[in-house]
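Data block below; observations after.
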Amino acid sequence: MGPAIPQHIFVTTIVSLPDGSKTMQSSAGKRLRKQFEDYCELYKIDGVEVEEHEQWMNAPMTFDVEDIEEDMEDHNGPLVLTLPVAGCNIRKILIDGGSSVNVLLCDTFNRMELNEEQLMSSYYTIYEFNGEPTKPLGDIVLQVDAGPMKVDTRFGVVDSPSPYNTIIGRRWVHKLKGVATTYDQYLRFPTPEGVM
């Protein structure tokens, strides 16, 4: 039997909860919480929304030794990509399988020359690694391109220091039916043209 674990230690990750989720009992509060839980990104090919279960989505995705570059065998890095977001090539996008929310850093928002009037009200709080609550400045839906897939993605705009420009969470990866691997440094997902 191992040593006892003190009950006051918490191990957390980035999560988002509707504001007052512990106390929201009114019908309006429950409706907001349901909208938050039901929200998921939509993706399109050539402007047409993709059905949830197309046959091409069943393609097997594999990773093998040839996927790893020689100089990467001993790396310890997270999966960081460059993707087009709202027509801008955004570097340093962290693919974070532990995050339940997509985050666009305020500095990135400003450099993309987006307008604060485009922000929608946020009704949740993000709890970061240190457990500190952060209220987004607002939410914005932007198109993220992954090959031929165009994903309308909801981001919480956060004024917080970060080594990344954007953090994309697991819901986005799941919507693509994708598999992210930090060891291989790949995000693979099915498309009608095959696995990309």
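Heavy atoms only: backbone and side chains are in, while hydrogens, waters and symmetry mates are out.
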Restricting to pairs with a member in residues 79-91, which pass side-chain hydrogen bond (donor to acceptor under 3.5 Å, both in side chains), not counting sequence neighbours?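 Qualifying pairs: none.
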
Are the side chain of [X] and the backbone of [Y] linked by a donor-acceptor contact shorter than 3.5 Å?
X      : Y      : answer
Asn115 : Glu117 : yes
Thr108 : Asn165 : yes
Asp145 : Lys150 : no
Lys135 : Ser122 : yes
Arg170 : Gly98  : yes
Ser160 : Val158 : no

Should Ile90 and Met112 be marked as a side-chain contact (heavy atoms from CB on, under 4.5 Å) after you check the CA-CA gap, both sets of side-chain angles, and the distance that decides it? CA-CA 9 Å; Ile90 305 296; Met112 292 173 72; 3.9 Å; yes

Would you sort out whether Leu137 and Asp159 count as a side-chain contact (heavy atoms from CB on, under 4.5 Å), showing the intermediate values? CA-CA 7 Å; Leu137 303 174; Asp159 190 6; 4.1 Å; yes

Within a strict 4.5 Å, meaning less than it, do heavy atoms of the [X] and [Y] side chains meet?
X      : Y      : answer
Val141 : Asp139 : no
Tyr186 : Leu79  : no
Tyr164 : Pro78  : yes
Val157 : Ile140 : yes
Leu142 : Leu104 : yes
Ile93  : Val85  : yes
Met149 : Met196 : no
Trp56  : Asn58  : no

Do you know the tightest heavy-atom contact between [X] and [Y]?
X      : Y      : value
Gly169 : Asn102 : N-OD1, 2.8 Å
Gly138 : Leu119 : C-CD2, 4.1 Å
Lys177 : Met61  : O-CE, 3.2 Å

Using the side-chain contact (heavy atoms from CB on, under 4.5 Å) rule, take Phe189 and Val195 through it: C-alpha gap first, then chi angles, then the decisive distance, then the call. CA-CA 6 Å; Phe189 52 93; Val195 173; over 6 Å; no

Using only heavy-atom distances, determine whether the side chains of Asp96 and Ser99 contain a donor-acceptor pair under 3.5 Å. no

By side-chain hydrogen bond (donor to acceptor under 3.5 Å, both in side chains) - contacts of Glu54 (at least two apart): none

One pair to check against side-chain contact (heavy atoms from CB on, under 4.5 Å): Val80 and Ile95. What are the steps and the verdict? CA-CA 6 Å; Val80 179; Ile95 304 297; over 6 Å; no

Working to the nearest 0.5 angstrom, can you tell me the gap between Ile167 CD1 and Leu105 CG? 6.5 Å

How long is the gap from CZ on Phe155 to CH2 on Trp172, to the nearest 0.5 Å?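 Rounded to the nearest 0.5 Å, the CZ-CH2 separation comes out at 8.5 Å.
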
Salt bridge (charged side-chain N to carboxylate O under 4.0 Å, His left out) partners of residues 106-116, not counting sequence neighbours, each pair once: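 Checked against salt bridge (charged side-chain N to carboxylate O under 4.0 Å, His left out) - neighbours excluded - the pairs reaching residues 106-116 are Asp107-Arg111.
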
